[in-house]
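For reference, the structure discussed in these notes is given below.
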Protein chains: 2
Amino acid sequence: MTKIKNMEEFAALSGISRPTVSKYFHDPDSVRPTTRARIEEALERFDYRPNIYAVNQNRKLTKNIGIVVPYLADPFFAEIARYLEQSCIAAGYRPSLFSAHGEQKLENEILDGLQSMKPAGVLLAPLGRISDRSAIEKFCVNVPTVLFDSNLDGLGAAFIGSDNFSFVSQTVEYMTRTGEPPSFFEMRTPANPNANKRRKAYVAMMERLGFEPHIIKVDGKGWAFEEIGHRGALKVLEERELKTNSVLCSNDRLAIGFLAACYEQGIRVGRKEGCTLRVASNDDHPFAKFTCPSLTTAAHDYDNVASRSVETLFELIENGGKFESRTETLFPARLVLRDSA
Amino acid sequence: MTKIKNMEEFAALSGISRPTVSKYFHDPDSVRPTTRARIEEALERFDYRPNIYAVNQNRKLTKNIGIVVPYLADPFFAEIARYLEQSCIAAGYRPSLFSAHGEQKLENEILDGLQSMKPAGVLLAPLGRISDRSAIEKFCVNVPTVLFDSNLDGLGAAFIGSDNFSFVSQTVEYMTRTGEPPSFFEMRTPANPNANKRRKAYVAMMERLGFEPHIIKVDGKGWAFEEIGHRGALKVLEERELKTNSVLCSNDRLAIGFLAACYEQGIRVGRKEGCTLRVASNDDHPFAKFTCPSLTTAAHDYDNVASRSVETLFELIENGGKFESRTETLFPARLVLRDSA
DNA sequence: TCAAAATTTTAACGCGCGTAAAGTTTTTAT
DNA sequence: ATAAAAACTTTACGCGCGTTAAAATTTTGA
């Protein structure tokens, strides 16, 4: 097995001219079946692959796709990233995964580095409130970008996410119908725009049903939601600020902390007999099934958000990086009934 | 703000020759302070950055570093990856993050793609038992590689991980000292080599203490550990296979499932009064603090494993990609006492 | 069978930058 | 002040591949 240095050498060994070989690597179907067979035969014998740096330097458009999420240590984003990655690979692209780790500075640096990678497109779930809007705006001008999960008004060629009203309306309706209307438990200054939409949806829904909204805001910032939910819940429970016997958490990670606090305080959560509190939430976090009790929650339409995101990006790429107008696609939630409410 | 096309143009605008500018980008300190200042001044005015593809094509060694983990949706790996990433950036490298998503095929494809990136080095946490040993062996010949977390005998220039005996010995000793010696709860055919070492450590430790080891193996494969632990625990609890009142889980994710099953079965877990079962585990998973009850577990020396891994890789790179001999570095665990045991 | 169409070959340039050699200028040290 | 050292400029080549134009070849279809 000889070591091949470059395409020239490989072309010679396969008995095909270099430009034709180059054409083959660009699109195997663009050459005659017989020459294609000869190339692929040589390919098996010699194990050659084009130098990606030379390729990318000369191609106007690379086959790279950037996937940027705000916080990869959150299993929700890890799962979505996995799906996006594999869809890109299946479509013949080379995805690169980045996490802003909750920091604006990092998000900017990632976008910066991404620019010099000349990606065919980027799937971006921005940090949200703490994103550097102008930096993202500049980025989107230069790189075909589809936003997902977290919307930033007007930025990117399209947005695909979940319909927060659908989430909250279902949980509020369910809790009200089967018990009491819930209080809403959230962070005081949530970084994610979805959180704000959920609060508004809660208020709207409560008013529509003729109840007074009751919002509990807990302190804390950053992405340690479980910790924040836990501390906040302990405070709320100890100071008896809870006016209802049912609580809707803004998201599952807060709920995980909330449930841990309830457990520590000896408060029985659930809809079974002997339970004094019901807790529901939003997202259907991968661990929501294993909380104690298991968490009733409104689930993202995971697959659809992810698949529509990549589809939209591919359309965008094929369309030359621009759409006539920016579209926003929202998928409804699916209520998952478990034991906590 | 003019758009700069290439280094030639930028050099002209900054009043410095291209070779000197090139030298600057390779190492800013290699040029005279005055010229450095002029370049950086121009850099602010014109926003130019070298084409990374052209750079990497010509440099003998790129500044890329590959980080490969077996399963990124596991917050443990997500956290470690975060640390590794940031250490690489701090050292002036460009890390790329990859997850094998639990699949051998993907792991191989990642290593394949990584080869053509000509990385300066790679930090690899292999899948373990289901890794394609020969593929990884070939890879390690061509690319300076440091293994972490999961050891594959003889592969890579070095291994950095945790001392599984330290984990298990501490938990077993603690549980024995404060109650009964534990049974050991694990998957029947664990993919991760650490799991096997933990079982052996458990057996050795029990024998040393003069007790008979008692191992509970539950069915299941893949990376859905919580699910496997949950199902397995339900089966064990229903069929009353548990012979002891204390259980040591092979890892935290299994324990999360185990605790959920206990909760559902109404079994009070903990060391407080009224509890009938104690559960401990290994890893100190990011969520271990929020289980119900919070999980007593042996914690990885996270920071040291991560920092030593990158340090070792940097040494390896500076050493030309080869070490005299392969070293294995193991860090001991730190017992974290919480409520479950 | 033979011209038209499709494909491949040959030859050559360009991409943006690393790098080396030789000559020039600036800095450092005596 | 002056020689030596250090840094810079000029010039030029190479990296591996994309791409193009013209010439040569193969395939297609009637």
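Lettering of chains follows the sequences in order, A, B, ..., and the numbering in each one begins at 1. Side-chain atoms are counted along with the backbone in the values below, which use heavy atoms only and exclude waters and symmetry mates.
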Over all atoms of both residues, closest heavy-atom pair of A:Leu114 and A:Pro119: O-CD, 3.1 Å
Whole angstrom value for the distance that separates C1' of C:dA6 from CG of A:Asp29: 16 Å
Interatomic distance where CZ belongs to A:Arg38 and P belongs to D:dT26 [whole Å]: 11 Å
Sugar-phosphate, base or nothing in reach of A:Phe10, heavy atoms under 4.0 Å: nothing
All side chain to side chain donor-acceptor pair (under 3.5 Å) counterparts of B:Asp112, not counting sequence neighbours: A:Arg49
Ring centre gap for B:His300 and B:Phe76 strictly below 6.0 Å: yes
B:Thr20 side chain near D:dA7 phosphate (N/O to OP1/OP2, under 4.0 Å): no
Gap between atoms CZ and C1', on B:Arg49 and C:dC17 respectively (whole Å): 16 Å
Gap between atoms CG and P, on B:Asn56 and D:dC15 respectively (whole Å): 17 Å
Most 5' of B:Pro33 and A:Glu8 on DNA chain D, judged by nearest nucleotide: B:Pro33
Helix axis bend for the helix from C:dT1-D:dA30 to C:dT30-D:dA1 - C1'-based end axes, five pairs, 10° rounding: 10°
Side chain to side chain, A:Ile160 and A:Phe331, heavy atoms closer than 4.5 Å: yes
side-chain N/O B:Thr35 vs D:dC8 OP1/OP2, d < 4.0 Å: yes
Whole angstrom value for the distance that separates C1' of D:dC15 from CG of B:Leu61: 16 Å
Flag side-chain contact, heavy atom, 4.5 Å: B:Phe46 against B:Ser14: no
A:Ser131-A:Glu107 side chain donor-acceptor pair, cut-off 3.5 Å: yes
Gap between atoms CD1 and P, on A:Ile4 and D:dC17 respectively (whole Å): 11 Å
Modelled atom types, side-chain donor and acceptor of A:His101 and B:Glu85, under 3.5 Å: yes
Whole angstrom value for the distance that separates C1' of C:dC15 from CG of B:Asn6: 9 Å
Backbone of B:Met7 reached by a side-chain donor or acceptor of B:Arg18 within 3.5 Å: no
Check: B:Glu79 main-chain N/O paired with B:Tyr302 side-chain donor or acceptor under 3.5 Å: no
Interatomic distance, A:Tyr24 OH vs D:dG18 P [rounded to whole Å]: 13 Å
Summary of protein contacts for nucleotides 18-26 of chain C, nucleotide by nucleotide, where a base hit scores B, a sugar-phosphate-only hit scores S (4.0 Å, heavy atoms): BBB-----S
